[in-house]
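No experiment lies behind these values; they were computed from the predicted model shown. Residue numbers count from 1 along this sequence.
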Amino acid sequence: MRCNLHITLAIMIGLVGSLSAMASFGSTAPHAATNDYLPDDAAVRDAIVSSPDVMAAEARRDATHARAVGIRAGTSETVVRAIGQGRSVRDPSQRFPEGQIAVERPLRLWGKADADARLADATAETGDLAMMDARHESSRTILTLWFAVMRAAQARLAAQNNARAADELVAMTTRRIELGDAARLDGELAASDRARTQASLATAVAAEQAALAALRGRFPGLGEPRPLAQISLPPVPPEPPEALRKDYIQGSHEYRLAMAQEAQALRIATRADLERKPDPTVGMFVTIERGGAERIVGVSVAMPLGGEHRRATATAAAADALAAARNRLATERKLGAEFDVQYRSLLGKRSTAQAQAEAANLQRAASDRATRAYRAGESGLAELLAVRRSLADALLAERLARVDALEADSRLNLDLHRMWDLDD
């Protein structure tokens with residue numbers, strides 16, 4: 001009997017060691033580098049530059065620049081006009097070939113050329129900012145997919161640890177049954193627990209593969225997260241929230257694009273108001289009459305008479321400029337609220353991760369006590385299994401809480417342009 005007791009104690013000590021390995025992730029020891037969990041900057045740049053969404057935005061940027069060149073040049077074009085005609089005289093009966101050649105060109109007066117130049121600059125700026133915003137949105141997508149893989153990997157690692165511990169418990173229980181220290185019901189309970197952990201592991205593996213497929217499908221050259229045994233939380237940005245909020249808004253591509261669109265709308269309104277003053281079309285012409293017997297050289301001036309259409313166009317452009325100003329204000333408020341949500345979410349997720357770590361430590365202590373009680377014969381296997389499941393849930397919750405906090409921290413730094421800044 002003493003021999004059986006020694007064997008049982010040895011097996012239980014091995015089980016406790018396995019449970020301690022499961023709990024090792026919950027420690028707060030820092031890893032080698034604070035950004036080990038993020039992809040390499042060069043790989044991110046390559047992935048963003050080769051993204052179809054970004055390449056489409058670059059093509060739209062090029063189109064916008066071409067339109068800006070056209071705006072700067074203006075729509076005035078030289079017109080060559082040729083007229084051929086015949087003159088018939090009855091008395092005496094004669095026919096004369098005649099014709100006219102004229103060269104005409106509209107003029108841009110009233111400061112319209114300068115207004116077009118300023119409008120061209122504003123148009124080009126909106127194209128640049130729209131492309132930068134597309135790059136930033138791709139960075140956000142990378143971050144979301146990357147942390148989805150990390151989250152799935154942590155769940156898979158937890159499931160592997162649970163399955164390994166369940167295998168050891170089955171081996172221990174089988175040995176105890178053979179020695180007569182445990183009932184067959186304990187063996188059935190241990191086998192059932194192992195089947196449950198195997199099913200959870202299969203589900204976690206499938207979820208991780210799906211997350212990897214989504215990441216590789218969108219950004220095939222980015223790679224995948226490195227396995228991390230320990231993850232420490234980075235410090236909260238030291239600046240006061242008000243300063244961070246200001247940087248968040250003013251550095252946002254969305255806000256800068258809204259400002260550029262407001263400036264563009266104002267330039268368009270200015271140009272439309274100038275258009276209420278019509279431009280003359282000036283030309284020179286040469287007319288040949290009576291078969292060349294008479295030649296006429298002259299200058300022509302044509303002036304359109306502005307009407308209700310020009311006034312309505314100017315009024316509409318002014319309203320569009322006002323709408324763009326209101327849109328810029330709405331964007332500023334939206335980004336301010338977005339920062340508030342992100343900052344408070346970061347603080348909350350950090351607190352959650354710390355609370356989950358404390359809960360895991362308490363659950364680990366409870367598991368140790370339950371193990372000692374089972375070893376001493378003071379409790380049954382069912383009680384130990386229940387405590388172990390609670391410990392496994394606590395450790396998984398701690399893993400996921402840490403990943404959530406890391407994602408919130410990375411997202412805030414990304415939107416503050418303190419990482420992956422590709423504005424070049």
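Listed for the Thr197 side chain is a donor-acceptor partner under 3.5 Å among the backbone atoms of Arg194. A donor-acceptor contact shorter than 3.5 Å is absent between the side chain of Ser367 and the backbone of Gln363. For Trp110 (side chain) and Pro278 (main-chain N/O), a donor-acceptor pair under 3.5 Å exists by modelled atom type. Side-chain atoms of Asn413 come within 3.5 Å of backbone atoms of Asp409 as a donor-acceptor pair (strictly under, hydrogens ignored). Under the 3.5 Å distance criterion, the side-chain polar atoms of Ser252 are left unmatched by any main-chain donor or acceptor of Tyr248. Of the possible polar contacts, one joining the Thr352 side chain to the Gly348 backbone as a donor-acceptor pair under 3.5 Å is found. A donor-acceptor contact shorter than 3.5 Å links the side chain of Thr126 to the backbone of Thr123. Between the side chain of Ser51 and the backbone N or O of Ala47, no donor-acceptor pair lies under 3.5 Å.
By the 6.0 Å contact criterion, CZ on Arg418 is enclosed, its count of non-hydrogen atoms from other residues, nucleotides or ligands being greater than 12. Heavy-atom neighbours of Arg67 CZ from other residues, nucleotides or ligands within 6.0 Å: at or below the threshold of 12. Counting non-hydrogen atoms of neighbouring residues, nucleotides and ligands closer than 6.0 angstrom, the CE atom of Met55 exceeds 12 such neighbours. The local environment of CD1 in Ile101 is sparse, with at most 12 non-hydrogen atoms from other residues, nucleotides or ligands closer than 6.0 Å. Shown here is Arg140, whose CZ atom has more than 12 heavy atoms of other residues, nucleotides or ligands within 6.0 Å. Environment of CZ in Arg81: sparse, with no more than 12 heavy atoms of neighbouring residues, nucleotides or ligands closer than 6.0 Å. For Glu358, the CD atom sits in a loose shell: 12 or fewer heavy atoms of surrounding residues, nucleotides or ligands are nearer than 6.0 Å.
Under the 4.0 Å criterion applied to side-chain N and carboxylate O atoms, Glu125 and Arg267 are not assigned as salt-bridge partners. Between Arg295 and Glu289 there is no salt bridge, since no side-chain nitrogen of the basic residue lies less than 4.0 Å from a carboxylate oxygen of the acidic one. Here Asp404 pairs with Arg151 in a salt bridge; the nearest charged N to carboxylate O distance falls below 4.0 Å. Using a 4.0 Å cut-off between charged side-chain N and carboxylate O, Asp340 and Arg344 make a salt bridge. A salt bridge links Arg402 to Glu398: at least one charged side-chain nitrogen sits closer than 4.0 Å to a carboxylate oxygen. Note on Glu58 versus Arg135: salt bridge recorded, some NZ/NE/NH1/NH2 to OD/OE distance being below 4.0 Å. Under 4.0 Å is where a charged nitrogen must lie from a carboxylate oxygen, and between Arg108 and Asp279 no such pair does. Contact check on Arg411 versus Asp415 returns a salt bridge, with a Lys/Arg side-chain nitrogen under 4.0 Å from an Asp/Glu carboxylate oxygen.
Side-chain contact check for Trp146 versus Leu215: some heavy-atom pair is nearer than 4.5 Å. Between Ser300 and Met284, every side-chain heavy-atom pair lies at or beyond the 4.5 Å cut-off. A heavy-atom distance below 4.5 Å is found between the side chains of Asp128 and His65.
Legend: residues meeting salt bridge (charged side-chain N to carboxylate O under 4.0 Å, His left out) with Arg328, ordered by chain and number and at least two apart, are Glu262, Glu332. In terms of the salt bridge (charged side-chain N to carboxylate O under 4.0 Å, His left out) criterion, residue partners of Arg310 (sequence neighbours excluded) are, by chain and number, Glu275. With sequence neighbours excluded, the residues that form a salt bridge (charged side-chain N to carboxylate O under 4.0 Å, His left out) with Arg311 are Glu308. For Tyr255, the ring pair (Phe, Tyr, Trp, His ring centres under 6.0 Å) criterion is met by no residue, not counting sequence neighbours. Remark: Asp121 pairs with Arg72 by the salt bridge (charged side-chain N to carboxylate O under 4.0 Å, His left out) rule, at least two apart or across chains. Phe219 meets the ring pair (Phe, Tyr, Trp, His ring centres under 6.0 Å) test with no other residue; sequence neighbours excluded.
Here the CG-CG distance, from Leu157 to Asn162, works out to 11.0 Å after rounding to the nearest 0.5 Å. For the atom pair NE2 of His136 and CG of Leu257, the computed distance is 13.0 Å after rounding to the nearest 0.5 Å. Distance check, rounded to the nearest 0.5 Å: CD of Gln85 to CD1 of Ile288 gives 11.0 Å. Rounding to the nearest 0.5 Å gives a distance of 9.0 Å between CG of Leu406 and CZ of Arg350. With rounding to the nearest 0.5 angstrom, the CG atom of Leu395 is 8.5 Å from the CG atom of Asn161. Separating the CG atom in Leu335 from the CD atom in Gln342 is a distance of 10.0 Å, to the nearest 0.5 Å.
Between His417 and His253, the ring planes are perpendicular. Angles over 60° get that label, and only those under 30° would be called parallel.
No side-chain N or O of Arg164 forms a donor-acceptor pair with one of Gln160 less than 3.5 Å apart.
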